[in-house]
Amino acid sequence: MRWTPDQEADIAALRERAKAVDPIILQIVEGTLNSIEREIEFAVERTARSPMIREAHDYRVGLFDRFARKLTGRSYSAMPEAVLRDYPPETMKPGDAFFMNDTYDTEGAIGHLPDMCSTVPTFHDGSIVAYIQVFGHHDDIGGKVPGSMPGTALSVFEEGLMIPPIKLYDRGVRNDEAFKIIRRNSRVPEMLEADVDSEMQAILMGSGRMTELFERFGRETVEACFQAIFDRTRDIFLNELMPKIANGTYYAEDYVEHDAFTDPLLHKICVTMTKTDDKIVLDFNGTDPQAVGPINWAADYSEGRYLIKWVSPVMRNLADTPERAAEIPCNEGMVDLFEVVFPPKGSLITPIRPAPTNARAFLLLRSLSLFANVLAQAVEGKMPADQETIRYTGFYGYDAHGDYFLSREVLGGGSGGRYYADGSDAIHVVPDSRNQPAEYTETQYPLRVERLALAEDSGGAGEFRGGLGYLKEYRPLVDCFTLVSADRVRLGCYGVKGGSSGEPFGVFVDAEGENRKLGGLEDEIPVKSGELMRVETTGGGGWGDPLDRDIEAVRLDVWQGKVSADAAAKAYGVVIARIEDGEPFIDDAATAALRRKMLAERNADVPIIDRGRGVEAIRLANPGAGELKRYG
């Protein structure tokens with residue numbers, strides 16, 4: 001049971017008080033929470049040292065009430081349950097701060113070891129009233145390869161330093177002996193120390209802001225406002241969004257395309273959604289056994305609350321307008337509307353320690369795709385097409401002076417087309433994330449960024465086209481190594497309601513010569529000085545029938561270099577007669593004839609979900625497997 005009887009009684013009393021909260025004070029409290037969250041994030045960004053945190057913005061802040069319920073919904077974050085499990089609130093003192101990153105000992109809050117998480121309690125009048133967390137993806141915390149994300153890991157012990165919840169600060173005094181161990185296990189210790197100090201000081205500052213809020217309005221009023229925030233979110237999901245989903249049962253499956261060992265087998269994750277008037281049940285039974293390689297995700301903790309908070313924002317796409325969708329908050333309020341049923345221990349999302357997990361982002365993103373897929377079936381396709389907007393690439397080695405360097409980057413991709421608009425180009429699932437600026441890369445590392453552009457024809461065709469992925473080219477100035485952690489290297493992002501899938505991800509070494517395409521999980525791939533390496537990220541899936549796309553929109557796509565003239569004809573039935581000074585001109589008669597011909601040659605109905613090329617060749621991992629995979 002999540003709550004003790006006393007906590008249940010406290011929450012019931014809060015629900016009654018929340019009904020009478022002053023709407024003006026509620027608005028002030030909610031605005032203050034959002035301000036605290038942003039202020040903490042800005043503080044981390046300004047004071048952190050590593051490019052993964054400072055430049056790529058791969059870190060998150062979470063504000064929680066005293067019951068560990070998430071208050072803010074600007075983005076996902078970790079959870080404090082493991083800290084409260086090991087350090088009961090009655091034992092905590094002002095100035096205490098806790099630290100953790102253990103995938104299997106943090107109640108589902110941490111998915112892979114580089115995400116180190118700091119937690120502080122907030123006090124008012126001697127009692128804990130809230131918790132504040134920040135986790136950041138740190139550049140290196142040990143393990144078998146630089147960057148601590150070994151694509152060839154067979155065990156979590158190869159992935160880096162594991163830290164269960166520990167008290168890193170005791171009444172404001174840092175445990176330097178513990179910190180010495182943490183620092184010693186990184187290839188970039190100065191950077192790690194600066195980042196952890198940045199995160200810790202930022203949440204201590206945020207905790208002070210939270211205390212000020214309680215001092216201004218009093219505990220009874222602020223906690224009633226917290227409950228009102230939860231209740232309003234629950235009511236929006238229950239009364240505004242869920243009625244748009246037809247009651248019934250829906251099934252979808254998707255695939256992680258490699259685990260570095262069973263290539264080219266694919267690993268299935270599936271969900272059966274059962275929707276009733278007031279509940280959504282997500283049943284993941286049927287998901288494949290845990291993998292040998294690092295694609296597992298330990299999601300089956302805390303009743304799946306992390307998974308729920310991760311996927312449920314997808315439902316905002318059901319709002320009447322995009323503007324309304326942007327207004328809908330996501331917080332703990334919607335959690336009780338969901339139930340998660342996990343497979344028995346030993347599956348991809350219920351792995352048994354020490355199964356490796358560093359590439360668990362593949363399954364995180366697949367869970368979004370699955371939920372969007374079943375929703376699309378339930379709402380006749382009125383959901384965005386698929387996207388895959390996070391993957392890691394990097395270089396490491398020694399520069400011309402003999403100094404060690406490690407450059408890692410998170411690159412996004414195109415988002416899926418929507419029923420009202422094209423997908424966005426080159427976005428990131430991590431809020432405010434961005435590609436590493438060329439100026440930073442070239443001044444800090446022996447690398448030259450030769451090109452940054454949108455990848456032509458990468459977005460899936462549709463009435464509303466999928467967004468385009470990145471095309472980025474690097475030229476190392478010394479012999480070094482590259483590493484890759486990415487999915488969707490075989491199957492593109494699916495299209496919806498007749499839209500086509502987008503183009504998959506690819507990294508090409510010696511792009512001007514042999515042009516070798518790498519796999520999605522690669523460690524220690526040599527790259528020679530002067531060799532060009534090209535990265536092309538995924539395009540989003542298209543939405544709607546490509547033959548229904550406005551002809552002028554296709555012409556503009558060709559003019560802007562987003563769609564080639566060849567693809568305009570093959571995918572959209574639009575014939576470009578000529579191009580003068582870069583401007584394309586359409587052959588109207590030939591276009592009308594080609595579209596009629598393409599429509600007449602169709603031999604099947606337009607599908608709700610289009611997986612694109614290669615799906616017919618899918619071969620599941622461990623067909624009929626009845627036992628766990630062994631390690632090592």
Side-chain angles (χ1 to χ4, degrees), residues 44 47-54 58-59 78 82-83 86-87 96-106 109-120 133-204 294 353-354 356-358 392 394-399 401-408 444-445 480-481 483 485 523-524:
V44 172
T47 58
R49 280 191 58 189
S50 70
M52 186 63 69
I53 293 176
R54 187 181 65 199
D58 195 354
Y59 65 94
V83 173
D86 293 356
Y87 297 89
D96 287 354
F98 305 89
F99 196 67
M100 62 183 180
N101 79 330
D102 192 323
T103 303
Y104 290 98
D105 198 28
T106 52
I110 300 299
H112 63 176
L113 298 180
D115 286 348
M116 291 182 157
C117 180
S118 302
T119 306
V120 296
Q133 283 187 326
V134 62
F135 81 82
H137 184 129
H138 294 269
D139 267 347
D140 189 277
I141 47 92
K144 66 183 289 187
V145 301
S148 309
M149 292 185 64
T152 54
L154 290 165
S155 155
V156 71
F157 293 104
E158 299 177 80
E159 297 180 319
L161 179 67
M162 288 177 279
I163 306 171
I166 64 170
K167 185 186 290 186
L168 192 59
Y169 282 73
D170 188 349
R171 304 189 193 201
V173 178
R174 191 174 79 175
N175 183 339
D176 286 331
E177 299 306 307
F179 205 87
K180 187 186 299 183
I181 297 172
I182 296 168
R183 193 179 187 279
R184 182 66 172 171
N185 277 271
S186 175
R187 295 173 177 87
V188 286
E190 294 85 3
M191 195 172 288
L192 175 62
E193 181 173 16
D195 286 347
V196 173
D197 278 345
S198 165
E199 293 157 1
M200 195 68 75
Q201 296 307 313
I203 56 175
L204 288 170
R353 189 176 187 264
T357 64
N358 74 77
Y392 300 90
F395 298 88
Y396 64 92
Y398 293 88
D399 64 20
H401 303 290
D403 295 325
Y404 180 79
F405 77 92
L406 169 63
S407 171
R408 301 178 64 236
Q444 297 294 318
Y445 308 110
C480 59
F481 297 90
L483 47 85
S485 181
D523 299 333
E524 300 179 308

| task | Kindly determine whether Met191 and Arg54 satisfy side chain to side chain contact (heavy atoms under 4.5 Å, CB included), including the steps that lead there. | result | CA-CA 11 Å; Met191 195 172 288; Arg54 187 181 65 199; over 6 Å; no
| field | Step-by-step side chain to side chain contact (heavy atoms under 4.5 Å, CB included) determination, Met162 to Leu113 | value | CA-CA 7 Å; Met162 288 177 279; Leu113 298 180; 3.7 Å; yes
Hey, does the side chain of [X] reach the backbone of [Y] with a donor-acceptor pair shorter than 3.5 angstrom?
{"X": "Glu159", "Y": "Pro356", "value": "no"}
{"X": "Tyr87", "Y": "Lys167", "value": "yes"}
{"X": "Ser148", "Y": "Ile141", "value": "yes"}

Measuring from atom [atom1] of [X] to atom [atom2] of [Y], what distance do you get when rounded to the nearest 0.5 angstrom?
{"X": "Ile203", "Y": "Thr119", "atom1": "CD1", "atom2": "OG1", "value": "6.5 Å"}
{"X": "Gln133", "Y": "Phe98", "atom1": "CD", "atom2": "CZ", "value": "11.5 Å"}
{"X": "Arg353", "Y": "Asp102", "atom1": "CZ", "atom2": "CG", "value": "6.0 Å"}
{"X": "Met100", "Y": "Thr106", "atom1": "CE", "atom2": "OG1", "value": "5.5 Å"}
{"X": "Met149", "Y": "Arg408", "atom1": "CE", "atom2": "CZ", "value": "6.0 Å"}
{"X": "Ser118", "Y": "Asp195", "atom1": "OG", "atom2": "CG", "value": "10.5 Å"}

| field | Greater than 12 external heavy atoms within 6.0 Å of Arg171's CZ | value |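 No.
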| query | Once the angle between the rings of His112 and His137 is folded into 0 to 90°, is it parallel (under 30°), tilted (30 to 60°) or perpendicular (over 60°)? | reply |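 Rings of His112 and His137: perpendicular, over 60°.
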| Listed by chain and number, what are the ring-ring contact (aromatic ring centres under 6.0 Å, His included) partners of Tyr404, not counting sequence neighbours? |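 Tyr398.
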Tell me the closest heavy-atom pair linking [X] and [Y], and the distance in Å.
{"X": "Arg187", "Y": "Gly147", "answer": "NH1-N, 4.5 Å"}
{"X": "Asp105", "Y": "Pro165", "answer": "O-CD, 3.5 Å"}
{"X": "Ala78", "Y": "Cys117", "answer": "CB-SG, 3.9 Å"}
{"X": "Cys480", "Y": "Phe395", "answer": "SG-CD2, 4.0 Å"}
{"X": "Phe99", "Y": "Ile163", "answer": "CE2-CD1, 3.7 Å"}
{"X": "Leu161", "Y": "Asn101", "answer": "O-ND2, 2.9 Å"}

| field | Test item: Thr357 and Tyr104 side chains (from C-beta on) under 4.5 Å apart, heavy atoms | value |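 Touching, per the 4.5 Å side-chain cut-off.
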| task | Measure the shortest side-chain to side-chain distance between Thr152 and Glu524 over non-hydrogen atoms and say whether it is less than 4.5 angstrom. | result |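 No. Closest side-chain heavy atoms not under 4.5 Å.
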| Can you name the residues that form a salt bridge (Lys or Arg N to Asp or Glu O under 4.0 Å) with Arg49, not counting sequence neighbours? |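 Partners of Arg49 under the salt bridge (Lys or Arg N to Asp or Glu O under 4.0 Å) test: none.
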| query | Does Ser198 have any side-chain hydrogen bond (donor to acceptor under 3.5 Å, both in side chains) partners at least two apart in sequence or in another chain, and if so, which? | reply |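 Partners of Ser198 by the side-chain hydrogen bond (donor to acceptor under 3.5 Å, both in side chains) criterion, ordered by chain and then number, come out as Thr47.
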| message | Apply side-chain hydrogen bond (donor to acceptor under 3.5 Å, both in side chains) to residues Tyr392 and Asn358 and explain how you reach the verdict. | response | CA-CA 11 Å; Tyr392 300 90; Asn358 74 77; over 6 Å; no
| field | side chain to side chain contact (heavy atoms under 4.5 Å, CB included) between Asp197 and Glu193, intermediate numbers included | value | CA-CA 6 Å; Asp197 278 345; Glu193 181 173 16; 4.0 Å; yes
| query | Can you name the one residue among Val188, Asp139, Leu406 that meets side-chain contact (heavy atoms from CB on, under 4.5 Å) with Pro146? | reply |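 Filter result, single survivor: Leu406.
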| Looking just at side-chain N and O atoms, do Asp140 and Tyr396 make a donor-acceptor pair shorter than 3.5 Å? |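 Looking only at side-chain atoms, Tyr396 and Asp140 do not form any donor-acceptor pair under 3.5 Å.
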| field | Intermediate values then yes/no, side chain to side chain contact (heavy atoms under 4.5 Å, CB included), Asp96 and Asp170 | value | CA-CA 5 Å; Asp96 287 354; Asp170 188 349; 3.5 Å; yes
